[in-house]
Amino acid sequence: HPLSAESLAATLKSHGFAVEAFHSSIGERHQKELVQRLDTRELQALIATSSFGMGMDLPWLEWVIHAQPSTSVADYLQGAGRAGRGMAGSFEQATCILLGADRDRNDLSQQLYYHLPLEKTLRQMITSWSNSPHTEPENGVYVNRDASIITLDTKRQPSQSAAIRYAIRKGVIEHVQTPDAHQLSFRIPDHPGIWKDYHRARERDREAVDGEWLAIMNLVSGTRCRRAQVLDVFGDQPSPPYLRCCDVCDGPLFQGGSWT
């Protein structure tokens with residue numbers, strides 16, 4: 001099953017490693033405290049989600065280990081790019097390791113499909129809420145039949161909230177603004193034709209998931225220039241490399257116990 005930062009941190013702690021989980025739910029203040037503890041070597045590592053990404057420019061960070069493949073090449077590169085940033089914009093040697101195997105493809109698909117609910121599943125979920133006899137919050141769900149609006153408590157209904165957010169992004173469900181950051185409100189859809197559009201959009205996204213997996217595997221283990229692949233991801237034009245290109249073009253970066 002896809003790993004979580006908390007579960008992996010707990011496993012490493014049980015083996016005596018000084019680590020902590022780092023993710024968006026712990027809050028910015030706690031995140032800063034953990035980074036400080038890593039800086040002073042009180043912690044050996046942070047077990048982080050993609051929350052440890054843009055803006056984390058730590059000059060002393062030399063290692064990034066991906067415990068499983070990222071959900072996209074761009075996400076993988078953002079994570080790998082946290083290491084070797086050096087001081088004052090300089091760049092230093094760093095190591096990025098990706099732990100992965102062919103079987104991870106199913107795990108990655110599960111992780112992504114979790115946010116791509118089936119048309120039937122989504123319809124049944126909304127219908128069940130709409131027909132509920134309860135008009136007061138029930139397990140984090142509030143139904144306002146007069147306005148045809150359903151409100152979810154995102155903390156009590158995390159997976160259902162993720163499914164609704166996806167449907168909102170696909171234009172299937174109308175989002176209703178709410179002042180509470182931990183609530184998600186939407187208008188109950190009343191046009192049956194939207195589900196066909198949703199099905200087509202989901203299929204396109206499903207194909208994109210497989211494409212991202214192949215792109216990541218090609219980047220880390222393929223035979224095409226890795227530098228060219230990175231430039232392609234960000235839409236940059238190739239230019240002459242500084243000193244050397246990559247291990248595909250110039251041979252292994254680390255050989256015989258030393259950097260080449």
Side-chain angles (χ1 to χ4, degrees), residues 1-86 94-100 104 107-117 137 139-142 151-166 168-169 175 177-185 212 216:
H1 298 289
L3 295 170
S4 72
E6 292 286 356
S7 64
L8 183 54
T11 299
L12 291 172
K13 284 180 180 180
S14 70
H15 288 278
F17 291 96
V19 301
E20 291 291 346
F22 184 105
H23 48 80
S24 59
S25 299
I26 65 176
E28 185 176 350
R29 182 177 178 179
H30 192 193
Q31 287 178 343
K32 290 180 179 179
E33 291 174 354
L34 291 181
V35 171
Q36 180 64 28
R37 291 173 63 191
L38 182 66
D39 186 19
T40 59
R41 305 303 189 268
E42 179 184 344
L43 295 176
Q44 293 174 278
L46 291 179
I47 312 305
T49 63
S50 57
S51 297
F52 195 93
M54 292 292 288
M56 290 293 181
D57 296 336
L58 309 176
W60 39 264
L61 194 63
E62 299 178 354
W63 288 79
V64 171
I65 301 175
H66 283 82
Q68 63 185 20
S70 303
T71 54
S72 71
V73 175
D75 285 346
Y76 172 76
L77 294 173
Q78 291 289 0
R82 296 311 96 202
R85 302 190 73 81
T95 303
C96 182
I97 296 175
L98 170 63
L99 304 178
D104 289 324
D107 288 344
L108 179 61
S109 295
Q110 276 188 351
Q111 183 179 355
L112 290 168
Y113 293 166
Y114 172 79
H115 298 288
L116 308 180
N139 296 323
V141 180
Y142 177 79
T151 298
L152 303 181
D153 182 325
T154 57
K155 287 187 174 181
R156 297 175 66 186
Q157 296 280 346
S159 59
Q160 292 85 345
S161 297
I164 294 299
R165 284 196 180 99
Y166 175 74
I168 289 172
R169 290 197 303 271
H175 182 222
Q177 295 292 337
T178 175
D180 191 331
H182 298 298
Q183 289 186 345
L184 177 64
S185 295
E212 288 290 354
I216 292 172

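Just so we're clear, the structure is a prediction, and the values are computed from it rather than from any experiment.
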Please report the shortest heavy-atom distance between Ala21 and Ile26, naming the atom on each side.
O-CD1, 4.0 Å
Locate the shortest heavy-atom distance separating Leu38 from Leu61; write the atom from each residue and the value.
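Looking at all heavy atoms of both residues, the shortest contact is CD2-CD1, 4.5 Å.
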Do the non-hydrogen side-chain atoms of [X] and [Y] ever get within less than 4.5 Å of each other?
| X | Y | result |
| --- | --- | --- |
| Val64 | Ile97 | no |
| Val19 | Lys13 | yes |
| Tyr76 | Leu98 | yes |
| Asn139 | Gln157 | yes |

Mind running side-chain contact (heavy atoms from CB on, under 4.5 Å) on Cys96 and Trp63 for me, showing each step along the way?
CA-CA 6 Å; Cys96 182; Trp63 288 79; over 6 Å; no
Carefully, step by step, assess Gln183 and Asp153 under the rule side-chain contact (heavy atoms from CB on, under 4.5 Å).
CA-CA 5 Å; Gln183 289 186 345; Asp153 182 325; 5.5 Å; no
Is the backbone N or O of Phe17 less than 3.5 Å from a side-chain atom of Gln44, with the two atoms forming a donor-acceptor pair by type?
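Checked: no pair found.
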Between Glu62 and Ala83 (side chain of the first, backbone of the second, donor and acceptor by atom type, cut-off under 3.5 Å), is there such a pair?
no
Distance (rounded to the nearest 0.5 Å) between [X] [atom1] and [Y] [atom2]:
| X | Y | atom1 | atom2 | value |
| --- | --- | --- | --- | --- |
| Glu33 | Glu20 | CD | CD | 11.0 Å |
| Asp39 | Leu34 | CG | CG | 12.5 Å |
| Lys32 | Glu28 | NZ | CD | 4.5 Å |
| Glu6 | His23 | CD | NE2 | 3.5 Å |
| Ile47 | Leu8 | CD1 | CG | 5.0 Å |
| Leu152 | Thr178 | CG | OG1 | 11.0 Å |

If only side-chain N and O atoms count, and only distance matters, is there a donor-acceptor pair under 3.5 Å linking Ser7 with Ser4?
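Yes.
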Kindly determine whether Leu184 and Thr151 satisfy side-chain contact (heavy atoms from CB on, under 4.5 Å), including the steps that lead there.
CA-CA 5 Å; Leu184 177 64; Thr151 298; over 6 Å; no
Is there a side-chain contact (heavy atoms from CB on, under 4.5 Å) between Ser185 and Gln177? Walk through the geometry before answering.
CA-CA 7 Å; Ser185 295; Gln177 295 292 337; over 6 Å; no
With a cut-off of 6.0 Å (strictly less than), are more than 12 heavy atoms of other residues, nucleotides or ligands near CZ of Arg41?
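Atom CZ in Arg41 is packed in, count exceeds 12.
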